[in-house]
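Take a look at the structure below.
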Amino acid sequence: MDGIIISSGSLADLLGVSRATIEKRAETGVYKPISKNKEICFLMEDLFFVPQINEMLMTKWDEEKLTQPIRPFTSVELFAGAGGLAIGLEQSGFKHVLLNEIDKDACETLRTNRPDWNVIQGDIHEIDFRNYRGMVDLVSGGFPCQAFSYAGKRLGFEETRGTLFFELARAVNEIRPAVFMCENVKGLQEHDGGKTLATIKNVIEDIGYVLIEPRILKAIQFEVPQKRERLILIAIRKDLADDIDFKWPSPARRVMTLRDAFFKGDLYDKDVPVSEGQTYPESKKRVLELVPEGGDWRDLPDNIAKNYMKGSYNLGGGKTGMARRLSFSEPSLTLTCSPAQKQTERCHPIETRPLTVREYARIQTFPDDWKFCGSMSSKYKQIGNAVPVNLSSAIGRALVRLLNHLEVKKHNTGKNEKVLGYVAVRKWHGMFEGMVCEDDNTLKDYEDRYTDGGSRDA
């Protein structure tokens, strides 16, 4: 059958509704379903009236992939992790002049793959960015989410001192790039009743930048075979922000699946390489062997499910991450820092084992030649915390188009800027305060990272 096919699950993720809602719309004739491998699917052309689908059908994705910087644009990246964001920005045309990351394994990953990158390992509190002032076009980073202490009614730049966002804002204030971009979990929008994001907006205004209305981007719309969402914040320096109409990246033409990730096709020119990976204890393997492709604990016999899930069996919620086996016909669930955690299982679609390191990397759209350093658990953590490379690249191209616009505007008004010159300077004071993040696992990861040297890129 000709045409692009989308599964009911992918359509549900795209629209932000449940799969049951999509299937109900199919039953009542709102959507015209087709059957593929006994699954409910749809021809995208038959869903042209759905705004998100119409945007994909009418996309400028291919045109935008041709974006090129009109001059070499430079960037500084903070909280760089294993390089998911950095690779995407590099692919879109940015030259990294400094990358900062506290985790030694992630820094070794960056240096191993890009020996020419200026990777500064250490606490961001200890880096003085003033020698880069006026020499960098973009500052970017995925700062960990933290609550602010609300002693006053309206917190500004100085009142957020001690948080990691303050350090990112300090770097921006010292460097004064034309644009800065930061990303975070989508839960930041509602974090602490919206106070956290409101404070971030206040700080951005205080340091002299105009924030474009933040947007949650779904990775599945940007050739990433994973149901991952990120909140993206982009701000332009006030003296450059007049008459600027920023355009967010257009979506790709179709949703990529786990089959696209693991086999030769549109995403990769060969099957996923064999690599190291975790294994299941025999007792767990016997349980997961009973779960069909795309299934979870609900497919288990009741007595086995109760024994496997213990106290979780009687808790509310769908608990669909437990005993979860992925499906080749769907994108992966959001990757975590480990592929075999009981609450967030990521079992291979047809083999009863956790995903391997290279399968993890494929789902995050890392190139196959990108090597990860450290222990196997460190590699999983580095990959699981990364910003998907293809999402980063799409955002990077949008930023390049913005900077191209600013460059043309600058020359039309006769302004000039300094040329490059870089020195990394350290300053020594305080370590990080306690953190509040989107869930207990992420909180523990951040605590490990900034006390023992964990890793994070997302």
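Quick note: numbers below take in every heavy atom, side chains included, and nothing from hydrogens, waters or symmetry partners.
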(Q) One thing to verify: whether Glu359 and Arg346 come together as a salt bridge, which I'm taking to mean a side-chain N less than 4.0 angstrom from a carboxylate O. (A)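 Salt bridge: no.
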Q. Short question: side chain of Thr74, backbone of Asp137 - any donor-acceptor pair under 3.5 Å?
A.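 Yes, Thr74 side chain to Asp137 backbone: donor-acceptor pair under 3.5 Å.
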(Q) Strictly distance-based, threshold 3.5 Å: is any side-chain N or O of Asn100 a donor or acceptor partner for the main-chain N or O of Gly122? (A)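 Yes; at least one donor-acceptor contact below 3.5 Å.
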Q) Aromatic rings Phe262 and His348: how do their planes relate, parallel, tilted or perpendicular, breaks at 30° and 60°? A)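 It falls in the parallel class, under 30°.
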Q: Quick one: sort the His96 and Trp117 rings into parallel, tilted or perpendicular, breaks at 30° and 60°.
A: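 It falls in the perpendicular class, over 60°.
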Write down the atom of [X], the atom of [Y], and the distance for their closest heavy-atom approach.
X	Y	value
Pro388	Thr365	C-OG1, 3.8 Å
Val357	Met376	CG2-CG, 4.1 Å
Ser332	Leu326	OG-CD1, 3.8 Å

Under the side-chain hydrogen bond (donor to acceptor under 3.5 Å, both in side chains) rule, collect the residues that match up with [X], sequence neighbours excluded.
X	answer
Glu90	Arg114
Arg215	none
Tyr280	Glu345
Asp271	none

Q) Any side-chain heavy atom of Thr257 sitting closer than 4.5 Å to one from Phe263? A)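 Counting from C-beta outward, Thr257 and Phe263 never come under 4.5 Å.
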**Q.** Heavy-atom side-chain proximity of Leu78 to Phe129 below 4.5 angstrom
**A.**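 The answer is yes; the side chains approach within 4.5 Å.
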Distance-only check: which donor-acceptor pairs under 3.5 Å involve side-chain atoms of residues 54-64, not counting sequence neighbours?
| unit_1 | atom_1 | unit_2 | atom_2 | d |
| --- | --- | --- | --- | --- |
| Asn54 | ND2 | Phe48 | O | 3.2 |
| Thr59 | OG1 | Trp61 | N | 3.0 |
| Thr59 | OG1 | Pro251 | O | 2.4 |
| Trp61 | NE1 | Glu223 | OE2 | 3.4 |
| Asp62 | OD2 | Arg253 | NE | 3.3 |
| Glu64 | OE1 | Ser250 | N | 2.9 |
| Glu64 | OE1 | Arg401 | NH2 | 3.4 |
| Glu64 | OE2 | Ser250 | OG | 2.7 |

Q: Drop me the distance from Glu330's CD to Ser8's OG, to the nearest 0.5 angstrom.
A: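 The CD atom of Glu330 sits 6.5 Å away from the OG atom of Ser8.
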(Q) Please enumerate all residues that pass salt bridge (charged side-chain N to carboxylate O under 4.0 Å, His left out) together with Glu282, with sequence neighbours excluded. (A)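 Once residues adjacent in sequence are excluded, Glu282 has no partner under the salt bridge (charged side-chain N to carboxylate O under 4.0 Å, His left out) criterion.
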Q. Can a donor-acceptor pair be found between the side chains of Thr21 and Ser18 at a distance below 3.5 Å?
A.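 Side-chain D/A pair, Thr21 to Ser18: present.
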Q) Going by atom types only, do Glu39 and Ser7 share a side-chain donor-acceptor pair under 3.5 Å? A)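 Per modelled atom types, Glu39 and Ser7 side chains form no pair under 3.5 Å.
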Q. Taking everything shown except Lys186 itself, do over 12 heavy atoms lie less than 6.0 Å from its NZ?
A.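 It does not: Lys186 NZ has 12 such atoms or fewer within range.
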Q: For Asp13 and Arg19, run salt bridge (charged side-chain N to carboxylate O under 4.0 Å, His left out): C-alpha distance rounded to whole Å, both residues' side-chain angles, the deciding distance at 0.1 Å, then the answer.
A: CA-CA 8 Å; Asp13 292 317; Arg19 188 191 297 249; over 6 Å; no
(Q) Among Arg286, Lys285, Arg325, Glu289, exactly one meets side-chain hydrogen bond (donor to acceptor under 3.5 Å, both in side chains) together with Thr352. Which residue is that? (A)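 The option that passes is Arg325.
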